[in-house]
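Read through the structure below, which is laid out as C-alpha cells, and then see the notes.
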Amino acid sequence: MTTVEPIDAINYPAARGGCPFAPPPAYQEALEQRPVTPVSLWDGSRAWLVTRHEDVRSVMGDRRFSADARHPGFPFLSDGRRELAAQNPSFIRMDDPEHARFRRMLTGDFIIKRVEALRPEIQRIVDDFLDRMTAHHPPADLVAEFALPVPSLVICRLLGVPYQDHDYFQERSRILLHNHSTTEQVRQARDELALYVMELADRKEWEPDDRIISRLVARGDLTREQVATMSLLLLVAGHETTANMTALSTLALLRDPVQLARLREDPTLIKGAVEEMLRFLSIVQTGTVRVAVETAEIGGTTIEPGEGVVCMLSTANRDGAVFAAPDELDLGRDARRHVAFGFGVHQCLGQPLARLELQIALETLIRRLPELRLAVPVEELRFRTDTVVYGVEELPVAW
Ligand code: HEM
C-alpha cells in the first residue's frame with residue numbers, strides 16, 4: 001500500500017485535446033503517472049479516477065464497489081443526474097441480487113443466438129436507410145440519415161415501440177444523457193418518457209404482442225413503473241450508443257485511408273475491426289461510476305467506504321500494458337480484451353446486438369459507397385463532449 005500524497009485533483013470531466021478520438025490528455029497523464037488519481041467533481045466533491053485496464057476491471061468486478069446511487073458518496077456528474085438516480089432507478093444503478101433479478105428478465109432477448117437471428121432484418125433496415133440517403137444528391141448528414149435511425153428502428157422493433165414516435169423519445173433521451181441538463185429539465189424529460197412508456201404498456205395489456213414491453217407486462221409481477229424504467233433503459237442505451245459508434249467509426253475510417261483500404265480489401269476483417277473501433281473510440285466517456293461500500297485497495301491506493309470511483313474506460317482501452325501501440329487504430333489486432341462494454345455484472349446487456357448492428361452498418365456502408373468521403377473539413381465538425389456518450393453531432397458526407 002502506498003501513502004497518498006496530498007496533490008491537486010484534476011477536474012472531472014476534463015477537456016479533450018487535439019485528437020478527437022483520444023481521451024482527455026489529463027486522464028492519459030494520470031494513466032502514466034498516477035493511475036488512481038483524485039478528481040474534483042462539479043460540486044467540489046472528490047472521487048477517485050481509475051485509469052489502468054487492470055484496475056478498472058478490479059473495481060467493476062468487485063462487490064465492494066456499488067453501482068447503487070442511493071449509497072452516500074456516490075459520485076454524480078450533476079444535480080440532474082442525482083435527480084435521475086434518486087427516483088425509480090433502473091437496474092444499471094442496482095447491486096445484486098436486486099440487479100440480477102431484473103437483468104435476468106431480459107438476458108434471453110440479447111443472447112448471441114437470438115440476436116444473430118435478427119441479421120436479415122437488420123441488413124434490410126441498413127439497406128433501406130442507405131437507399132433513402134443516397135436517393136437524393138450528396139451531401140447528407142450520416143448521423144441523422146443513417147447512424148441514428150438504424151439502431152433506433154431496431155430497438156423500437158424489439159421493444160414494441162412505434163418508430164414514428166422516435167423524435168419524441170430521442171429529444172428527451174438526449175436531455176437525460178447531457179451533462180449540463182438542469183434538474184428541472186431532467187425531471188420533466190424523465191416523467192414524460194415514463195408516462196409515454198406506461199401508456200404504451202397499458203395498451204399492451206389489451207393488445208399484446210411478442211415484443212419485450214408486452215412480455216414484461218404479461219409477467220404480472222412488475223409494476224408499471226418498473227416496466228417503464230426497464231424499457232427506458234433499453235430505449236436510451238439501445239440507440240444513442242450504437243448511433244454514435246457508427247458515426248464516429250465512419251469518421252475514424254475516413255481519416256485513416258490505410259485502415260479503410262484494408263477493410264475494403266478484406267471485408268472478413270469486419271468483426272475484429274468493430275472490436276478495435278470499440279477499443280479505440282471508447283465512446284462511453286462518463287457514467288461508469290461506483291462508490292466503495294467497504295475498504296478496498298486498488299492499484300496500491302486505499303479507497304474507503306463512501307468514496308466515489310470513476311472508471312475510465314477510454315484510458316483502460318489505451319493501456320500499453322495490454323494493447324501494444326495503443327494510440328494506433330489497427331483493424332487487424334486482437335482487441336477483444338477491451339472494456340468498451342464495461343466489465344463485471346453490469347457489463348453491457350446489449351453488446352451482441354451492438355456488435356451485429358455495427359458490423360452490418362459499417363460493412364454495408366463501405367461496400368455500397370466506395371467513394372464515401374467527408375463533405376466538410378474535419379475542423380468544422382462538432383463533437384459531443386458534454387454527454388455520457390461521445391460522438392459527433394453531424395457528419396456531412398458525400399459519395
Ligand atoms: C456500441 C454500443 C454500446 C456501448 C459502447 C455500450 C456500453 C455500455 C457500458 C460501458 C455499460 C456498463 C455501464 C456500467 O457498468 O456502469 C453498458 C451497460 C448496459 N447497456 Fe450498453 N452499450 C452499447 C449498446 C447497447 C445496446 C444496443 C443496448 C440495448 C439494446 C444496451 C443496453 C445496456 C444495458 C441494459 C446496460 C446495463 C446492464 C446492467 O446494468 O446489468 N447497450 N453498456
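Remember, it's 1-based here, ligands and their atoms both numbered in the order they're listed.
Among protein heavy atoms, atom 24 (C) of ligand 1 sits closest to Thr241 OG1, 3.2 Å. Residue, atom and distance of the protein heavy atom nearest to atom 28 (C) of ligand 1 are Gly350 CA, 3.5 Å. Of the protein's heavy atoms, Phe341 O, 3.8 Å lies nearest to atom 11 (C) of ligand 1. Met245 CG, 3.5 Å is the protein heavy atom nearest to atom 1 (C) of ligand 1. His346 O, 3.5 Å is the protein heavy atom nearest to atom 12 (C) of ligand 1. When hydrogens are left out, the protein atom nearest atom 20 (N) of ligand 1 is Cys348 SG, 3.2 Å; that is the closest non-hydrogen contact.
Interface of Ala340 with ligand 1, defined as ligand atoms under 4.0 Å from a residue heavy atom, comprises 5 (C), 7 (C), 10 (C). Shown in contact with Arg103 at under 4.0 Å from a heavy atom are these atoms of ligand 1, numbered in order with element: 38 (C), 39 (C), 41 (O). Which parts of ligand 1 touch Leu233 is read off a 4.0 Å heavy-atom cut-off, strictly below it: atoms 35 (C). The atoms of ligand 1 that sit less than 4.0 Å from any heavy atom of Thr242 are 2 (C), 27 (C). If you number the atoms of ligand 1 from 1 as listed, the ones under 4.0 Å from a heavy atom of Leu313 come out as 10 (C). Which parts of ligand 1 touch His99 is read off a 4.0 Å heavy-atom cut-off, strictly below it: atoms 39 (C), 40 (O), 41 (O). Ligand-side atoms of ligand 1 in range of Met60: 15 (O), range being under 4.0 angstrom from any heavy atom. For ligand 1, the atoms lying closer than 4.0 Å to a non-hydrogen atom of Phe110 are 30 (C).
Using a cut-off of 4.0 Å between Lys/Arg side-chain N and Asp/Glu carboxylate O, Arg368 and Asp127 are scored as salt-bridged. Look at Arg101 and Glu98 and you find no salt bridge, because none of the NZ, NE, NH1 or NH2 atoms lies under 4.0 Å from a carboxylate O. Ion pairing between a basic and an acidic side chain is recognised when a charged N comes within 4.0 Å of a carboxylate O; Arg174 and Glu171 show no such pairing. Ion pair Glu184/Arg187 flagged as a salt bridge, since at least one NZ, NE, NH1 or NH2 atom sits closer than 4.0 Å to an Asp/Glu carboxylate oxygen.
Heavy-atom separations between Phe343 and ligand 1 are all 4.0 Å or longer. Ala67 does not count as a contact of ligand 1, since none of its heavy atoms falls under 4.0 Å from the ligand. Assignment of Asn244 to the shell around ligand 1 is not supported, since no heavy atom sits closer than 4.0 Å.
Annotation: cation-pi pair Arg172/Phe169 absent, no NZ/CZ under 6.0 Å from the ring centroid and within 45° of its normal. A cation-pi arrangement is not found for Arg114 relative to Phe110, the charged atom failing to lie both closer than 6.0 Å to the ring centre and inside a 45° cone about the ring normal. Judged by the 6.0 Å and 45° rule, Arg16 forms no cation-pi pair with Tyr27. Both tests do not hold together for Arg103 against Phe91: distance to the six-membered ring centre under 6.0 Å, angle to the ring axis within 45°.
In Ala237, the parts holding a heavy atom less than 4.0 Å from any atom of ligand 1 are both the side chain and the backbone. For Ile155, every heavy-atom contact with ligand 1 shorter than 4.0 Å involves the side chain, none the backbone. When non-hydrogen atoms are compared, ligand 1 lies under 4.0 Å from the backbone of Val345 (N, CA, C, O) but not from its side chain. Of the heavy atoms in Val284, only side-chain atoms (C-beta onward) come closer than 4.0 Å to ligand 1. The proximity of Leu158 to ligand 1, defined as any non-hydrogen pair under 4.0 Å, does not occur for either the backbone or the side chain. At a heavy-atom distance under 4.0 Å, only side-chain atoms of Arg290, from C-beta outward, approach ligand 1.
Around atom 34 (C) of ligand 1, the closest heavy atom drawn from Leu349, Asp109, Asp96 belongs to Leu349.
Between His166 and Tyr163, the ring planes lie parallel to each other; the angle is under 30°, not in the 30° to 60° tilted range. The aromatic rings of Phe383 and Tyr390 lie parallel to each other, their planes meeting at an angle below 30°, with 60° marking the opposite boundary.
A distance of 4.5 Å separates CG in Leu331 from CD in Gln259, rounded to the nearest 0.5 Å.
Residues Leu235 and Ile155 share a closest heavy-atom pair of CD1-CG2, 4.1 Å.
Side chains of Arg119 and Gln123: a donor-acceptor N/O pair is absent below 3.5 angstrom, by distance only. Using modelled atom types and a 3.5 Å distance limit, the side chains of Thr295 and Glu304 yield a donor-acceptor pair.
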